[in-house]
Asker: 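Below are the structure tokens for one structure; questions will follow.
Excluded from the calculations below are hydrogen atoms, water molecules and symmetry mates; all remaining heavy atoms, backbone and side chain alike, are included. Each ligand, and each atom within it, is numbered from 1 in the order the structure gives.
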Amino acid sequence: MTKTYDTGHPIWCAGCGHFGVKGAIQHALDDAGVPMHEAFVLAGIGCSGTVQNNIGAYGFHAMHGRVLPNAIGASLANPDLTVVAAAGDGDGYAIGAGHLVHALKRNPNLLYVVMNNGVYGLTKGQDSPTKEVPLAAPEEDPLDAMLLGLSIRSSTFLARGITTRSTQLNELMVMGLEHARQGKGMAFVEVLSPCVTYHDTYPEWMNKIHDVNADPGYRAEDRGMAFATALELVEQDRIPIGLIYHGKHPSLQDEILRELVPINALSEEKAAETRAHMDNVLAAYTV
Ligand SMILES: Cc1ncc(C[n+]2csc(CCOP(=O)(O)OP(=O)(O)O)c2C)c(N)n1
Ligand code: SF4
């Protein structure tokens, strides 16, 4: 017997950017025609961490900062799943920063969406690594995750959108999902998604964004050009948005599964083995 649950209503404050991110992820899944039972959306902890409750897909609530290892495991275990991982900037760029670096290095086939609002929304507005002028350390420069991604040579898809430009955001999300589904590796899409309650950056960010794809001569496949352009913009206190980089590198699945027998957790034999093992583990705790 199976039961299908309706998606729940978001718990976010009215005006929160995360509504736009949820819409863009759902749009990309719909555009690609992914049936609900073949889509898996995982999220970390934070206001951003509830997004999977509101999307028509399997959902998983990972530990704070740990959504990427869970998502990579799922995509390796069941290559038929379309895997989307989502996190906040606190989740993804502070406690989860190490996982981001290594995921970009390994290039797994999944879409990773970070909802950047410059603060820890759920815990009431503390500085995150992307806060422009951190209250606790005003001399620190904010992290720019696109520059970080560009510095890792096996990154293959780096894009940034903003919730106020929904057409562009939808296009980036569709392209990112396609990249992952076609086995080209990890699509990393950061979305500027303001927290209207603790750090309302709508006016400021609308003045600072610069769409690199509108620049004549900008080539997203040229890592050097992407890096020089993004760095120059960041140094001018601007925020580069658009498809920043799109390149090629073997994916983690190419590397791991090329010579090994695929680890398919769905095979009957494997499932029976895993069930027997879990029964033994549980039996050990039974008094
Ligand atoms: C291991 C661990 N450390 C800290 C926390 C507390 N915590 C919950 S949400 C959160 C930050 C959320 O901020 P962000 O990831 O930016 O998402 P947002 O709420 O802004 O969407 C923190 C620090 C936690 N739940 N688990
Ligand atoms: S606290 Fe901020 S991030 Fe959280 S739901 Fe409200 S506006 Fe969104």
Asker: Would you say the side-chain atoms of S193 and H18 include a donor-acceptor pair closer than 3.5 Å?
Answerer: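 Looking only at side-chain atoms, H18 and S193 do form a donor-acceptor pair, the distance falling under 3.5 Å.
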Asker: Out of R223, H249, H246, which residue meets the side chain to side chain donor-acceptor pair (under 3.5 Å) rule with S155?
Answerer: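 Result: among R223, H249, H246, R223 is the only option passing the side chain to side chain donor-acceptor pair (under 3.5 Å) with S155.
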Asker: Of all the heavy-atom pairs spanning K131 and P142, show the shortest one and how long it is.
Answerer: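 Taking every non-hydrogen atom into account, O-CB, 3.5 Å.
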Asker: Strictly by modelled atom types, are T164 and W205 linked by a side-chain donor-acceptor pair under 3.5 Å?
Answerer: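 The answer is no; no qualifying pair exists.
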Asker: Using a strict cut-off of under 4.0 Å between a residue heavy atom and any atom of ligand 1, list the qualifying protein residues by chain and number.
Answerer: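 Correct list: H18, I45, G46, C47, S48, H64, G88, D89, G90, D91, I95, N117, V119, Y120, G121, L122, T123.
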Asker: Using heavy-atom distances, let me know which of D200, V119, N117 sits nearest atom 3 (S) of ligand 2.
Answerer: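 Of the listed residues, N117 has the closest heavy atom.
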Asker: Spell out the protein N/O/S atoms under 2.8 Å from atom 6 (Fe) of ligand 2 as residue plus atom name.
Answerer: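 The answer, once waters are left aside, is C13 SG.
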Asker: Do D144 and R160 sit within salt-bridge range, that is, some charged N less than 4.0 Å from a carboxylate O?
Answerer: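 Yes, this pair counts.
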Asker: Please work out which of the three classes, parallel, tilted or perpendicular, describes the rings of F157 and H179, given edges at 30° and 60°.
Answerer: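 H179 vs F157 ring planes: tilted.
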Asker: Looking at D200 and Y202, would you say the former's side chain and the latter's main chain have a donor-acceptor pair under 3.5 Å?
Answerer: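 Side chain of D200 to backbone of Y202, a donor-acceptor pair under 3.5 Å: yes, one is there.
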Asker: Keeping the roles fixed (side chain from Q253, backbone from N109), state whether a donor-acceptor pair exists under 3.5 Å.
Answerer: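 Indeed, once roles are kept as given, a pair shorter than 3.5 Å links the two residues.
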Asker: Counting N and O atoms only, with roles assigned by atom type, does the side chain of D127 sit under 3.5 Å from a partner on the main chain of L135, one being a donor and the other an acceptor?
Answerer: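 Checked: pair present.
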Asker: Go through the side-chain N and O atoms of S251 and N107 and say whether any donor and acceptor fall under 3.5 Å apart.
Answerer: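 Result is no, nothing qualifies.
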